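The block underneath contains the structure these notes are about, expressed in structure tokens.
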There are 2 protein chains.
Amino acid sequence: MSPVPMYEVIYGDLLSQIKAGALAPGDRLPSEPTLASQYGVSRMTVRQALDQLEAEHVVVRRRGSGTYVAQPSSTYRRMNRLGSFGEEMGVSEVSTEMKFQGAVVAPDEVRTRLGLKPRQKATRLLRVRLVSGSPAAVQESWLPYSLAPQLAREELVGGSLYRTLFERWGVKLKWAEQTISAVAADAERAGWLGVAQGSPLIWITRVAFADDGTPIELAHSWTRPEFPLLARLET
Amino acid sequence: MSPVPMYEVIYGDLLSQIKAGALAPGDRLPSEPTLASQYGVSRMTVRQALDQLEAEHVVVRRRGSGTYVAQPSSTYRRMNRLGSFGEEMGVSEVSTEMKFQGAVVAPDEVRTRLGLKPRQKATRLLRVRLVSGSPAAVQESWLPYSLAPQLAREELVGGSLYRTLFERWGVKLKWAEQTISAVAADAERAGWLGVAQGSPLIWITRVAFADDGTPIELAHSWTRPEFPLLARLET
DNA sequence: GAGTGGTCTAGACCACATG
DNA sequence: ATGTGGTCTAGACCACTCA
């Protein structure tokens with residue numbers, strides 16, 4: 001058997017066509033029997049691919065009618081999926097100012113959340129994110145130093161921590177737990193973000209995990225309220 | 001064919017057993033072939049039930065090993081699912097002070113978001129939510145008046161707007177789009193919530209939809225930062 | 001090596017939507 | 001009436017885990 005399952009191939013094909021615009025919102029996809037014969041697979045296999053697209057709201061199915069490319073639900077991007085800051089911001093132009101990058105002894109909170117031993121080192125990244133040139137968020141990330149020592153020195157691949165972890169160290173983050181709250185800007189962050197001290201910021205604390213459940217990253221972010229999170233909730 | 005599909009029966013059975021504690025976190029479920037013969041169905045049908053449980057993180061599958069009841073991921077409750085305020089808060093004791101309940105001409109924002117015609121009326125509910133007796137959030141809900149006129153007068157079923165909509169009017173909310181931001185408390189909300197004016201609050205704007213896509217509710221909520229949102233993100 | 005979940009087949013009947 | 005997606009069967013081979 002091919003290393004990649006057929007239903008993932010079909011899933012990928014359809015997703016590409018939709019992203020490329022070959023299949024526009026509202027368009028009907030080929031029927032399940034049609035796809036099955038096109039790909040030379042059984043209908044159950046086609047359904048596995050469509051199940052996945054449906055779960056991600058890329059398509060909607062209507063019994064007796066067909067499967068259609070979903071309307072891009074006006075809002076909701078970001079959130080629900082774990083992605084890089086750039087991806088979360090969508091098409092906007094994102095740049096980064098690195099304020100600190102190095103290895104330090106992990107403070108208690110970091111030790112606890114990442115499961116490090118006392119006096120174990122951690123890599124700390126402190127970044128200011130700019131959207132279209134104006135400051136939008138401060139991000140402070142902590143990772144076990146031993147996981148990727150060069151991370152404390154080298155430049156990030158494409159400015160993305162997650163990409164660097166994956167491409168240089170083979171570390172793939174699988175899921176994250178976030179708490180979202182609000183906090184008043186302290187003097188330092190207010191300065192970086194260009195807001196008044198004491199003004200409200202969106203404060204997110206995130207722990208990201210590898211597929212085996214190992215905690216990899218503890219991150220705090222402080223975002224200006226002009227850049228809200230968008231989320232879609234299901235019943 | 002039975003009105004309820006077999007895979008839903010199996011799904012429900014397993015979920016009940018897990019919720020009741022007959023299957024505890026970490027326990028292994030019967031294997032797929034075992035379940036198939038127990039229910040007298042094919043293995044593919046069993047897999048449909050398990051697929052659903054897995055997608056909801058109720059179970060985890062390990063190839064070559066078995067399917068296990070998931071560990072209740074310490075944190076993450078709330079968010080990701082659309083539920084009542086009480087459910088979101090988990091087991092905590094929740095009470096409500098109704099500050100306003102009535103029908104008014106819909107302001108522009110409400111008209112736009114709910115798709116109402118000019119001068120059409122809307123029901124406005126303004127509530128302060130208390131957790132264990134101390135104020136946690138202010139919620140302002142707007143609904144089309146014509147949808148459920150009595151809503152402007154009657155008491156809510158079990159103090160829950162969503163339960164009232166469903167049990168008294170048969171309206172079932174299917175999904176919602178939320179934007180989450182932060183905002184400084186104004187004088188009125190600061191007073192209700194017992195915080196200083198200007199202190200940061202979590203500010204959520206939500207539009208909830210029925211299964212046919214009709215917008216049913218526009219809600220704003222202002223929550224004290226001591227009650228953060230918890231969310232789980234997937235890759 | 002035995003058992004598990006992952007993938008896949010080649011059919012089938014059904015409920016439903018649309019022309 | 002035709003075609004669609006929803007459900008289901010009774011097998012199969014595979015990759016993987018674990019004793």
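Values below: all heavy atoms of this structure, side chains included; hydrogens, waters and symmetry mates excluded. Letters A, B, ... mirror the listed sequences (proteins, then strands); counts begin at 1. This is a predicted model, so every value here is computed, not measured.
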For a 4.5 angstrom cut-off between non-hydrogen side-chain atoms, does B:Tyr7 reach B:Arg47?
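Not touching, per the 4.5 Å side-chain cut-off.
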Specify the separation, in whole Å, of atom [atom1] of [X] and atom [atom2] of [N].
{"X": "A:Leu29", "N": "D:dG5", "atom1": "CG", "atom2": "P", "value": "9 Å"}
{"X": "A:Asp51", "N": "C:dT7", "atom1": "CG", "atom2": "P", "value": "12 Å"}
{"X": "A:Tyr7", "N": "C:dT9", "atom1": "OH", "atom2": "P", "value": "13 Å"}
{"X": "A:Ile10", "N": "C:dT9", "atom1": "CD1", "atom2": "C1'", "value": "13 Å"}
{"X": "B:Met6", "N": "D:dC8", "atom1": "CE", "atom2": "P", "value": "7 Å"}
{"X": "A:Arg63", "N": "D:dG5", "atom1": "CZ", "atom2": "C1'", "value": "7 Å"}
{"X": "B:Tyr68", "N": "D:dC18", "atom1": "OH", "atom2": "P", "value": "7 Å"}
{"X": "A:Glu32", "N": "C:dG11", "atom1": "CD", "atom2": "C1'", "value": "15 Å"}

Short side-chain N/O contact to C:dT4 OP1/OP2 from B:Ser65, under 4.0 Å
no
Please check the phosphate of D:dG6 (OP1 and OP2 only) for any side-chain N or O of A:Arg61 closer than 4.0 Å.
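It does, given that an N or O in the side chain of A:Arg61 lies less than 4.0 Å from OP1 or OP2 of D:dG6.
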For the residue pair B:Arg62 and B:Tyr68, would you count it as a cation-pi contact if the rule is NZ or CZ under 6.0 angstrom from the ring centre and within 45 degrees of the ring axis?
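Yes - B:Arg62 lies over the ring of B:Tyr68, closer than 6.0 Å to its centre and within 45° of its axis.
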Aromatic A:Phe166 / basic A:Lys172 pairing, under 6.0 angstrom, 45° off normal:
yes
Near DNA chain D, which residues from residues 40-49 of chain A have a heavy atom under 4.0 Å away?
A:Arg43, A:Met44, A:Arg47
5′-ward residue of the pair A:Glu8/A:Arg62 relative to DNA chain C
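Its nucleotide being nearer the 5' end, the pick is A:Glu8.
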Picking from C:dC8, D:dG6, C:dG5, which would you name as closest to the side chain of B:Ser31?
C:dG5
Side chains of B:Tyr162 and B:Glu167: is there a donor and an acceptor less than 3.5 Å apart?
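Distance-only check fails for B:Tyr162 and B:Glu167.
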Cut-off 3.5 Å, side chains only: do B:Gln139 and B:Arg129 have a donor facing an acceptor?
yes
With side chain to side chain contact (heavy atoms under 4.5 Å, CB included) as the test, would you mind laying out the steps for A:Leu14 and A:Val58 before giving the verdict?
CA-CA 10 Å; A:Leu14 293 172; A:Val58 176; over 6 Å; no
Please determine which of B:Arg206, B:Arg124, B:Gln101, B:Glu217 meets the side-chain hydrogen bond (donor to acceptor under 3.5 Å, both in side chains) test together with B:Ser141.
B:Glu217
